[in-house]
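Please read the structure below before turning to the comments.
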There are 2 protein chains.
Amino acid sequence: MATGQGVTEPTTSWDPYERGCPSRDVLDRIGDKWTVLVLGELGRHGVCRYTQLRKQLSGVSEKMLTQTLRALERDGIVRRTVYPTVPARVEYALTPLGQTLREPLRALTEWSTRHIAEVLAAREEYDTNAERVS
Amino acid sequence: MATGQGVTEPTTSWDPYERGCPSRDVLDRIGDKWTVLVLGELGRHGVCRYTQLRKQLSGVSEKMLTQTLRALERDGIVRRTVYPTVPARVEYALTPLGQTLREPLRALTEWSTRHIAEVLAAREEYDTNAERVS
DNA sequence: CGGTATCCTGGACGATACTG
DNA sequence: CAGTATCGTCCAGGATACCG
């Protein structure tokens, strides 16, 4: 919704990837497999180390966890702090910008938990009717 | 964030795809390329015909538009009405459930437009520092 | 007008091995 | 401990052609 809002002529035809679209940028980031889960852990625990995150998000590969964290760091949403001990110790935390993302994500998560039952019911009905036809 | 909230033991290790996760379901849907844009059009115009949507979302292929609309219909978020005239006339609109999605999506869109400048600035700084290193 | 059907490609994602 | 490097797979998404 409202992807074109406040950008340029919302009522005119418009390719989201031609001009820069803020919502597209953000959705491309949070739409991937692990970003929201990582933000969730950082939101709950405040500060997390790499291995800690790996354990919380069981199933994430090292490659994807690193990639996700790097992307978030690059976007200024997560801060990465390296302590030059041996062995190295790295801590991840939300930046102030990252904190501001919590509320909109919470809204979306709340919608999900509140309405998932309706969605699943609709899905089942749709599939049932489809098989009546075939 | 909060992907595991209210599901099962948020503090325990957990693979988002093993058990059903409402947030994953929803993110998988709205994270794709066209869903949010389609919902935006339907939110603004109330009722849209197929070709109308195609023109608004320039760049969308027939396949993807149909696929996106079908998925939303299956989830009970969009209602599809066929008028058996010749040639056929099909109208799409948000269901009541779809209406409730507007607010959380609006929150996310507003975050995007409000903070995109900070994100882009962070990105540029990150890339600049990276190239200093290499 | 409002779609299906088919083929194809790039990139997201995962598995595994290795390293400062 | 916290990664990097490499390879392989799968599928979202696009191009094109055809249809009731």
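Chain letters run A, B, ... following the sequence lines, proteins first and then strands; every chain starts at 1. What you see is a predicted model; the values in this text were computed from it and never measured. Atom set for the values below is all heavy atoms of this structure, side chains included, hydrogens, waters and symmetry mates excluded.
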Q.
Quick check for you: among D:dG14, D:dG3, C:dG14, whose closest atom lies nearest to any side-chain atom of A:Met64?
A. C:dG14
**Q.** Between D:dA12 (C1') and B:Trp34 (CH2): distance, integer Å
**A.** 13 Å
Q: Round to a whole Å and report the spacing from CG of A:Leu27 to C1' of D:dG13.
A: 16 Å
Q.
For a quick test of reading the model: is some side-chain N or O of A:Thr51 closer than 4.0 Å to OP1 or OP2 of D:dA2?
A. yes
Q. Rounded to whole angstrom units, what separation is found between the CG atom of B:Leu53 and the C1' atom of C:dG3?
A. 13 Å
Q) Does a side-chain N or O from A:Arg80 land closer than 4.0 Å to OP1 or OP2 of D:dG3, or not? A) yes
Q. Looking at side-chain heavy atoms only, is the closest gap between B:Arg102 and B:Leu94 below 4.5 Å?
A. yes
(Q) Just verifying a value: how many Å separate A:Arg123 CZ and B:Glu73 CD, rounded to the nearest 0.5 Å? (A) 13.5 Å
Q | Closest nucleotide among D:dA2, D:dG13, C:dC13 to the A:Lys63 side chain | A | C:dC13
Q: Just compare C:dG3, C:dC1, D:dA2 and give me whichever is closest to any side-chain atom of B:Pro87.
A: C:dC1
(Q) Any side-chain N or O of B:Tyr92 below 4.0 angstrom from OP1/OP2 of C:dC1? (A) no
Q.
Does C:dG3 have its OP1 or OP2 closer than 4.0 Å to a side-chain nitrogen or oxygen of B:Arg70?
A. yes
Q. What is the distance from CZ of B:Arg54 to P of C:dT4, rounded to the nearest Å?
A. 13 Å
Q.
Between A:Arg89 and B:Asp32, which residue's closest nucleotide on DNA chain D lies nearer the 5′ terminus?
A. A:Arg89
Q) Has the side chain of A:Thr100 got a donor or acceptor atom that lies under 3.5 Å from a matching backbone atom of A:Leu97? A) yes
**Q.** Residue met sooner reading DNA chain C from 5', once B:Leu69 and A:Ala88 are mapped to nucleotides
**A.** B:Leu69
Q: Please confirm whether the backbone N or O of B:Lys33 pairs with a side-chain atom of A:Arg24, one donor and one acceptor, at under 3.5 Å?
A: yes
Q) Over its full length, what angle do the end axes of the helix from C:dC1-D:dG20 to C:dG20-D:dC1 make, each axis taken from five pairs and the result rounded to 10 degrees? A) 50°
Q: From the options C:dC13, D:dG14, C:dG3, select the nucleotide whose nearest atom is closest to the side chain of B:Tyr50.
A: C:dG3
(Q) Rounded to whole Å, how long is the line connecting atom NZ of A:Lys33 with atom C1' of C:dA15? (A) 13 Å
Q. How many angstroms lie between atom CD1 of B:Ile77 and atom CD of B:Gln99, to the nearest 0.5 angstrom?
A. 11.5 Å
Q: Look at the side chain of A:Arg49 and decide which nucleotide, out of D:dG13, C:dG3, D:dC1, has an atom nearest to it.
A: D:dC1
Q. Do side-chain atoms of A:Arg54 reach the backbone of A:Val60 as a donor and acceptor pair under 3.5 angstrom?
A. yes
Q.
For A:Glu91, is there an ion pair with A:Arg89 - N to carboxylate O distance below 4.0 angstrom?
A. yes
(Q) Looking only at the side chain of B:Glu62 (C-beta and beyond, no hydrogens), which of the listed nucleotides C:dT4, D:dG14, D:dG3 gets closest? (A) C:dT4
**Q.** Euclidean distance, atom CD of residue B:Gln67 to atom C1' of D:dG14 [Å, nearest integer]
**A.** 11 Å
Q. Contact class for B:Tyr83 vs. all strands (heavy atom < 4.0 Å): base, sugar-phosphate, or nothing?
A. nothing
Q | B:Leu27/A:Val36 under side chain to side chain contact (heavy atoms under 4.5 Å, CB included): CA gap, chis, key distance, verdict | A | CA-CA 9 Å; B:Leu27 279 168; A:Val36 172; 3.4 Å; yes
